[in-house]
Amino acid sequence: MDLDALADDDRARLLVLQAEAAEGMGYLKLQSTHPQTVGYALADSPAFQLAWIAEPFHDWTEPVPERPHGVDTDRLLTNVSVYWFTRTGPSAAHALDENAHSHEWIPSGDAPLGWAVFGADPLVRQLMDPEHRIEHWSEYERGGHFPALEVPDLLVADLRDFLRGRR
């Protein structure tokens with residue numbers, strides 16, 4: 001997409017989105033360049049495991065009155081416990097590394113593709129799918145990075161809608 005073709009208000013919103021992304025980029029950068037280092041820490045320290053998960057839950061979830069810090073404490077501790085007791089933190093770090101080095105956001109092929117964007121800015125589609133190649137695109141004002149924990153009703157409804165015609 002030609003960013004110069006964006007309207008002034010869209011370009012201003014893009015700058016805000018880029019600044020927000022840059023603020024949280026350290027997490028992604030470390031995990032996508034040194035996943036084994038992160039993996040050792042995740043497997044060795046329950047405090048590191050808790051911090052590694054708690055920070056994004058706090059920063060990347062949508063605060064609502066009943067959850068001013070994103071995800072409630074029981075869900076947070078359950079999630080951390082699953083990673084800790086199954087020792088799957090390192091494999092999760094490697095999965096992100098593999099994704100980060102994939103060069104296609106929209107894979108080629110015949111498989112149906114759908115995206116749901118939570119806490120969406122309409123500019124996202126202009127940037128990620130300007131040619132509207134993604135056949136099922138949904139945008140929701142509510143939710144954040146962890147929709148299964150934040151807005152499970154919206155996520156399930158969207159999945160059902162996407163999969164309904166594929167039986």
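The chain is numbered in sequence order, starting from 1. Please read these numbers as outputs of a predicted model, since none were measured by experiment.
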A.B. asks: Would F146 and N79 count as a side chain to side chain contact (heavy atoms under 4.5 Å, CB included) if you check the C-alpha gap in whole Å, the side-chain angles of each, and the deciding distance to 0.1 Å?
C.D. replies: CA-CA 12 Å; F146 304 100; N79 192 286; over 6 Å; no
A.B. asks: Are any side-chain N or O atoms of E150 and backbone N or O atoms of G144, one a donor and one an acceptor, separated by less than 3.5 Å?
C.D. replies: yes
A.B. asks: What's the separation between atom CG in D72 and atom OG1 in T78, rounded to the nearest 0.5 Å?
C.D. replies: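 So the CG of D72 and the OG1 of T78 are separated by 8.5 Å.
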A.B. asks: Donor-acceptor pair, T61 side chain versus F57 backbone, under 3.5 Å?
C.D. replies: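 Flag set: sc T61 to bb F57 pair under 3.5 Å.
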A.B. asks: Check A93 against V38 and note the closest heavy-atom contact, atom names and distance.
C.D. replies: CB-CG1, 4.2 Å
A.B. asks: Side-chain donor-acceptor pair under 3.5 Å between E55 and W60, yes or no?
C.D. replies: no
A.B. asks: How long is the straight-line distance from CG of L149 back to CG of L76, given to the nearest 0.5 Å?
C.D. replies: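 That separation rounds to 9.5 Å.
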A.B. asks: Are D153 and R142 packed together at the side-chain level, in the sense that at least one heavy-atom pair is separated by less than 4.5 angstrom?
C.D. replies: yes
A.B. asks: Using side-chain heavy atoms (C-beta onward) and a distance below 4.5 Å, is P56 in contact with H145?
C.D. replies: no
A.B. asks: Could you tell me which residues satisfy salt bridge (charged side-chain N to carboxylate O under 4.0 Å, His left out) with R160, sequence neighbours excluded, listed by chain and number?
C.D. replies: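 With sequence neighbours excluded, R160 shows a salt bridge (charged side-chain N to carboxylate O under 4.0 Å, His left out) to no residue whatsoever.
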A.B. asks: Given side chains that start at C-beta, do those of M128 and W115 come closer than 4.5 Å, heavy atoms only?
C.D. replies: yes
A.B. asks: Please assess I53 against W84 for the test side chain to side chain contact (heavy atoms under 4.5 Å, CB included), listing each intermediate value before the final yes or no.
C.D. replies: CA-CA 11 Å; I53 291 178; W84 179 252; over 6 Å; no
A.B. asks: Flag the pair W137 / L113 as yes when at least one side-chain heavy-atom distance between them is below 4.5 Å, and no otherwise.
C.D. replies: no
A.B. asks: The test is side chain to side chain donor-acceptor pair (under 3.5 Å); show your working for Q36 and H94 and say whether it passes.
C.D. replies: CA-CA 7 Å; Q36 193 59 43; H94 278 279; 2.7 Å; yes
A.B. asks: For H136 and D158, test the side chains for any donor-to-acceptor distance below 3.5 angstrom and give the result as yes or no.
C.D. replies: yes
A.B. asks: Which atoms form the tightest heavy-atom contact between R166 and P112, and what is the distance?
C.D. replies: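 Looking at all heavy atoms of both residues, the closest pair is NE-CB, 3.1 Å.
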A.B. asks: Are L159 and L154 co-members of a hydrophobic cluster defined by side-chain heavy atoms under 4.5 Å apart?
C.D. replies: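 Same cluster.
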A.B. asks: Is any side-chain heavy atom of H34 less than 4.5 Å from a side-chain heavy atom of K29?
C.D. replies: no
A.B. asks: Which atom pair, heavy atoms only, marks the closest approach of R125 to I134?
C.D. replies: NH2-O, 3.1 Å
A.B. asks: Would you check if Y83 and L42 make a side-chain contact, meaning some heavy-atom pair closer than 4.5 Å?
C.D. replies: no
A.B. asks: Does atom OH (Y40) have a neighbourhood of more than 12 heavy atoms from anything else shown, all under 6.0 Å?
C.D. replies: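 Counting neighbours around OH of Y40, 12 or fewer heavy atoms of other residues, nucleotides or ligands fall under 6.0 Å, so no.
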A.B. asks: Taking the side chain as C-beta and beyond, is there a heavy-atom pair between L77 and L50 under 4.5 Å?
C.D. replies: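 They are in side-chain contact.
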A.B. asks: How long is the span from the CD atom in Q49 to the OG1 atom in T88, to the nearest 0.5 Å?
C.D. replies: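 Output value for this atom pair is 7.5 Å.
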A.B. asks: Side-chain contact, heavy-atom cut-off 4.5 Å: V151 with Y140?
C.D. replies: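 Sidechains of Y140 and V151: no contact.
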